[in-house]
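Following: one structure in structure tokens, then a few remarks.
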Amino acid sequence: MTPPALLIPIVLPILGAAIAATAGRAGHGIARASASLGVWGAAVAVVAIWLPVRSTQEISLGQLGFGSPFDLRLDMIGLVFSLAVLIPAATLLTLQPRTWQENTVAGLGVAAAMAAIEAGGVLMTAVAGCTAATLVVIQLDVEDLRAPRPSWALLLAAWLALAWAGVVLQVVGGTAVYAAVPVSAMTVPVFALLAFASIFGGGLVPWRGWTSAIWSRTSLRAAGLAVATLQPLALYLFVRAYELGDGHYPQSWLNVVLAAWGVLVAFGAAARAQAATTRREYMAEVLPGLAGFALMALAVGSALGLIAALILTASTAIIVIGIALLPDRGGAPSLLVTAAAAGVPPGLVFGGRILGLGAAIEAGGAMGLVGLAGVATWLVAAAAAARSVGLPAGRGRSAVETLPRVAMMIGAAMLALGPALALAYLAASAAAADVMNVPALAQATGLGTIVTESTVVPVVSLLGPLLVVGAIALALSKRTGLTPRTGEPPPLFPLYAAQAAARIVNALRRAAVPSEYRSLFNPRALENVAAGGTPLLWLASIVALAIAVTR
Amino acid sequence: MTAVAAFVAWIGGAVILVADGRRGLALGLGLVTAAIAGLAFAAGQHAAAIAVLAGGAAAAALRLRSGPPGWGLTQPGSTPRIILAIVIGILALYFATSLSTGDGSPLRFAWLVVIALSAARLLDCEEPATALTAAATLALGIGAVASLPPAAAGLAAAIVAGLVAAGISALPEVRPHGA
Amino acid sequence: MTQALAAIATHALALVVYPGGITLALFGLAVETVWSRLSGGPQAMPRPSLAHPLIVQVAVALLAMLAAVEVAAPFNPVPPAERNLIIAAAALGFTAWAELALDPELVAHPGLLLIIQACWVLSVLGPAIEPETLRPQVLGNVLVPGLLPVKVACGFLYLLCLPALLRLWPVAPRADRRAHPRFNITRAFVWFPYCALFTTLFLPPQGEDVPGMLRFFGVTAAVAIVALVAAAALARRGADRARGLYSRAVPPYSALVLALVVVTLILTR
Amino acid sequence: MEPELAVALPAAGAAFAVALRPRPRLALILGAVLGAGGVAAVLLATPGAASNLLGITLSLSAAGRSMLIVAAISLAFVVILAPVNAERSALLRWGLAGLAGMAGIAAAPTLEVSVLVLLALVVLQATVEGGRPHARRLRAPAFAVALIGLGLVFARMAGPPVLERLAAVGLVAGLTAALGALPYMHEFDADERTATSPIPWIAFVGPVLAIVVITRTHELVPSAAGAVGAMLIGLGLLNIVWGCVAAWRTELPGAAWRYSFIADWGLAMCGFGLGVAEGEAGALLILYAILLTRLPLYLWSRQPMRERAQTDRPVNLLVAAALAGSAPFAGFPARILLLRAATSVFWPFALVLAAALLLWIPSSLRLGRTMGMPKGRQMAGIAVALAFSLALGLYPQPLLLLAGR
């Protein structure tokens, strides 16, 4: 594969979108086929480009004009995140019906996300990421203008922050290209900007952020794609931050703070999930919870943590499909997807969390305490998942956009994939080696086991038999054991903080200038004075300027 | 000689500021033209002086075609404008003589008063003829700044200024057609 | 390849026979029978259908098996290096929620149970933070004076939480208003992992011989008896007192334990 | 002789278009041919090369030349895809007159001559029949000329540094007044014809004028560069905040569009005020975007605004994104360049700027809705405007090279 091939994964979705836009009017089927084929093609292309070489490939296509070279790069990290974006997007575009406009915007959004991942520098990632975010907002508005969507201003702020981080790197270090930034340029302020971009761009917040809110939309077609596109990008930035810092964040306390934030995000989601009144409300909290655990693992700072984070990111990418295709009603599909997402053994999420939390505790010190909190949070999430089985469905979704059988298969597959954890570990450790030094111990893992600092996890030999025994036992078990639910189960604990926050927000929303003081600030009068061509104002401002510059 | 020309420039500008009739406006424009041409002549810029004189004279003559009839020099409500003309004169005198250094104080005074008084007139008029006269005066003032030392544009600027001034006065009056 | 197959066989053996499936079932049924007698429940053990067990029993049994293989029972086919504390904690933690999902009748006051489970997690993982290890038997072996206070405090917290985690407290589920507690087969599956994990974490590991095995099971049985006695005492005092203890006494004590863990962490660095 | 032709041919085109008003088709053809000749002259002109055919030395700077080219492109596609309610020959007539004036302003040997050309343009525009009284339409731009004139007088005076600073005040305030930005906003009537409204100053002539005035100011008062920069940044921030908030909250959509131009100018002023290459490049990008995107979109929004048609279809959202300076459109790289300049000069200002950049979103969403449900020529025009913005956003290098950056 020649380096220009790196353009193919970006160009194919654009091509698909273009066909969807032109031929889509003829029939939504054509738009659906072209858009999904474009994204599938990109997924195949990424693998086909990487496989023959199995090492980083780069291409530089000159300067773009705003201080950023048009550099594209595909390394193993890029491959993992590309697939984490492309596979769910392609599946959802294939399985769910959309109008040609939605298909077009979705295809372009995926292309932008690919460009952000393949970008060789921070600035180009910022431009492409902001494009993806903009298109996600447009896609959500096209689907339903009045339904909840992420704040455009917040997303723009996030990507502008990344752009700012890029220019600071250019000013301080002379370049914002990932591979060339001097370690000394990766300072705490730059990391803070990057973290801001990642946290708000990906909705990684402990409170009810956009990643939760968009699941209250009537249709979840765009919501699924939005999370599938933007959340991996957010985590991707934190991974690249390791590369910028030569395998470390600027200060070790940043790791602890970020990991604690990750646990907070997961706990916030779990707390809201356990108080959900419908199954839809519960499902809205699943993905933020998964992202929180991935963030915690990522922030540990060790190779094992990063590997766990990559495994959790990949798992989330698959679970997104399941949740987006799941009908609101209960039953086996809902139970299996919920179990897989909650990290029930021997699932892949279970394995990822074991590694991530293990990495935190093995790191010791404050990070160990964060790991402890993580385990407790995991159990809260498990309790919420258990409670959700008895919840009413909530607002129904159009049957055409749900595929319970596919969702059930995804849930079952995610539970059955536990024994494949070692394989995922091998792939993730190869990816992690792109951005940090992975100890030989972690690399020299056989297919069956995973060696950590203090233990060995016998993945295949332990989870394999457990899976087999479990499958046999479940096959024999009596389904009638499921007790019928009587009414909506009460929350496990009330959300006092959320209630207080809601009260404050409402109070702020209702805040207004008291009527007796309104005459002091009259915007209309102000506008009339400013825009009325008033010579007196002109002369006064000249005098003011003269005084300002001559004193 | 230059001091007299500068004083005449101020008188001309003041007349434009105060006058509301076409004759008054034409007189003011003529006085300003004469003053600037005189200053240019005194500075040895003979060609520039002729260009400004031609343009300004044409502008003044064309002004007599349109606008409110008469002189309109002491209309009711013109007192503030008279005071403003005096204040501008005093300020210009301060900047031209006290604050700035070197030769050519009359020249600087003339530049300042012509531009400032025409600007003041532009801000305080509703009549197209008055506004156009102020604009023409402004053109002559800026032309003077460009054509007289130490600027380098010389004759070209004076010609452009003269053309613009004459062109402005040649333009027909426009009334709003209602939005 | 042969090694992999051998590893799979030994782990399968551990899961199904010892210290997993059969062992935990026998231990659990024995202790549950004693509890049934103590609490005046049915004298005879009901006969669960082995051909068609209830799905909740299957789920809990599988999780209990996974937890059981992580304990430091002598002759455990799973090598000591391959045991992981988080797997044990997570698997045991999931048992309660599997019951809530599949048979809510079995779970009383899930909110309170969640709080107690959090306290229990602290007691299990608290001692692991400073040594930075996840091997259960290594933690059991820790006898450094500086770490003993944490270990003792966590051990006591573990014992405090045990009756509630095993639902031995006199707090009946909303949907279950029987006069006498029933013979709980799903609980029978978790007796061994809970008690054996205590033995593993808070007492030095036993030798890989018959006396060591006897000592291990003896201590584990003793832990079960302590839990039974505590549960009987709670039962005598009534549901309100039990709820009061677990909502007003255990969480503050857990906070103290957490503070102790933090202080120890600071002092040892 | 290219600079002379760059002025003369569009001027002749405008004159023919005026003379042939009764025969619009012929006027259009002749005007187009002469205008194209003028653009060709601009294209052939070598930046910085002087020509002295008429006894007056004319030369085009790289930045001025690039801005003239962009303005010509903007005019061409506005005329080709003219809004349904607009007469093509009238658009061409006024566009060519503006283009000739802009070429004159850009090619003039001194700022005085540029200002005289500006004054001529001001008076010519005021002479066209419009909704507002003649004297009122003349007032603000002519006052701007007077301010620049006073600035020039102070610049020519020898004396203490305060004189240079006063000159800087006159020049900067004059430029702001010529644009019609805060605090020297021109009177605006939302229903007035675009040609006679203040929009041409802020959206068509303004960019070239700003380049000329700012370049000359640095030559005339070099020691007051700090004061010039401070004033430009101060006024820029004022215009950003006021423009964005007013564009969002004001009653009339037409006024909202006008305020959005003011907000963009605020950014450009900050870019010029920072006084570093990246800042100037960012400002130039903003000005290109005004000419190629915001102005054409404004023209195509006027008909739907009259019909009170407001929608939220994908195209409206794309327009909103382009106007808000979101990637991949032109505003984003401009903002990146401005952030870089601010970071290298004084990083807290970058923080202020970054916060201010978010103010564009609510107003842009509003303006996007005013495009109504575009169809036919309007849709094509919007698509071309968005394509220009996209090209500028993804690959601004060629235009920046053309401007010598």
Side-chain angles (χ1 to χ4, degrees), chain A residues 274 335 342-346 350 353-354 357-358 361-366 368-369 371-372 375-376 378-380 382-383 385-387 389-390 446-449 452-458 460-462 464-466 468-470 473-474 476-479 481-483 485-486 489-493, chain C residues 4 7-8 10-12 15-16 21 49 51-58 61-63 65-66 69 78-79 81-84 86-87 89-91 93-94 96-105 110-111 114-115 117-118 121-122 125-126 128-130 132-135 138 175 261-262 265 269:
Chain A
Q274 62 77 34
L335 192 66
V344 169
F350 171 78
R353 284 188 185 172
I354 290 292
L357 294 166
I361 290 173
E362 284 178 345
L369 292 170
L372 176 61
V375 175
W378 186 3
L379 292 175
V380 177
R387 176 180 170 273
V389 175
L447 275 183
T449 57
T452 73
E453 276 183 24
S454 66
T455 65
V456 176
V457 184
V460 175
S461 52
L462 179 64
L466 183 71
V468 174
V469 173
L474 286 171
L476 293 172
S477 67
K478 210 189 302 176
R479 302 290 184 283
L482 284 168
T483 317
R485 299 299 192 276
T486 51
L492 302 180
F493 54 88
Chain C
I8 289 171
T10 48
H11 285 83
L15 279 168
V16 178
S49 155
H52 297 292
L54 292 177
I55 191 167
V56 61
Q57 292 167 352
V58 170
L62 286 168
L63 292 163
M65 284 156 63
L66 182 61
V69 299
V78 175
E82 295 189 359
R83 298 174 200 157
N84 188 309
I86 297 182
I87 294 179
F94 266 105
W97 307 120
E99 290 175 21
L100 180 70
L102 302 169
D103 190 356
E105 272 195 20
L114 183 63
I115 293 168
Q117 207 174 51
V121 166
L122 171 64
L125 294 174
I129 290 170
E130 208 293 323
E132 299 174 11
T133 179
L134 294 169
R135 289 192 197 182
V138 173
V261 170
V262 173
L265 209 57
R269 301 234 150 197

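The CG atom of C/Leu265 sits 5.5 Å away from atom CG of A/Leu369, with the distance rounded to the nearest 0.5 Å. To the nearest 0.5 angstrom, C/Phe94 atom CZ is 7.0 Å from A/Leu379 atom CG.
The choice from C/Ala81, C/Ala96, C/Ala7 that makes the most heavy-atom pairs within less than 4.5 Å of chain A is C/Ala81. Looking only at heavy-atom pairs under 4.5 Å with chain C, the residue among A/Gly368, A/Gly358, A/Gly365, A/Ala382 that has the most is A/Gly365. Note: A/Pro458 leads A/Gly371, A/Gly364, A/Pro458 in heavy-atom pairs under 4.5 Å with chain C. Contacts with chain A were tallied for C/Val69, C/Leu122, C/Ile86, C/Asn84; C/Ile86 has the most, counting heavy-atom pairs under 4.5 Å. Chain C forms more heavy-atom pairs under 4.5 Å with one residue of A/Gly464, A/Ala376, A/Ala385, A/Ala473 than with any other, namely A/Ala473.
Residue A/Val468: no heavy atom, backbone or side chain, is found under 4.5 Å from chain C. With a 4.5 Å cut-off on non-hydrogen atoms, C/Val261 touches chain A through its side chain but not through its backbone. Within the 4.5 angstrom heavy-atom criterion, only side-chain atoms of C/Leu114, from C-beta onward, approach chain A. Interface residue A/Val457: only side-chain heavy atoms are found under 4.5 Å from chain C.
Side-chain atoms of A/Val469 and C/Leu15, non-hydrogen and from C-beta on, never get closer than 4.5 Å to each other. C/Leu54 places none of its side-chain heavy atoms less than 4.5 Å from the side chain of A/Ser477. Counting heavy atoms from C-beta outward, C/Leu66 and A/Leu462 have side chains that approach closer than 4.5 Å.
In terms of heavy-atom proximity, A/Ile361 sits nearest to C/Ala128 at CG2-O, 4.1 Å. Contact detail for A/Leu372 and C/Gly126: the closest heavy-atom pair is CD1-N, 4.5 Å.
Among residues two or more places apart in sequence or in another chain, the salt bridge (charged side-chain N to carboxylate O under 4.0 Å, His left out) test is passed with C/Glu82 by none. Under the rule for a side-chain hydrogen bond (donor to acceptor under 3.5 Å, both in side chains), the partners of A/Ser454 that lie at least two apart in sequence or sit in another chain are A/Glu362.
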Exercise for the section: Apply side chain to side chain contact (heavy atoms under 4.5 Å, CB included) to C/Leu100 and A/Val389, showing your working. Expected result: CA-CA 9 Å; C/Leu100 180 70; A/Val389 175; over 6 Å; no
Practice task
Kindly determine whether A/Phe350 and C/Ile87 satisfy side chain to side chain contact (heavy atoms under 4.5 Å, CB included), including the steps that lead there.
Solution key: CA-CA 9 Å; A/Phe350 171 78; C/Ile87 294 179; 4.2 Å; yes
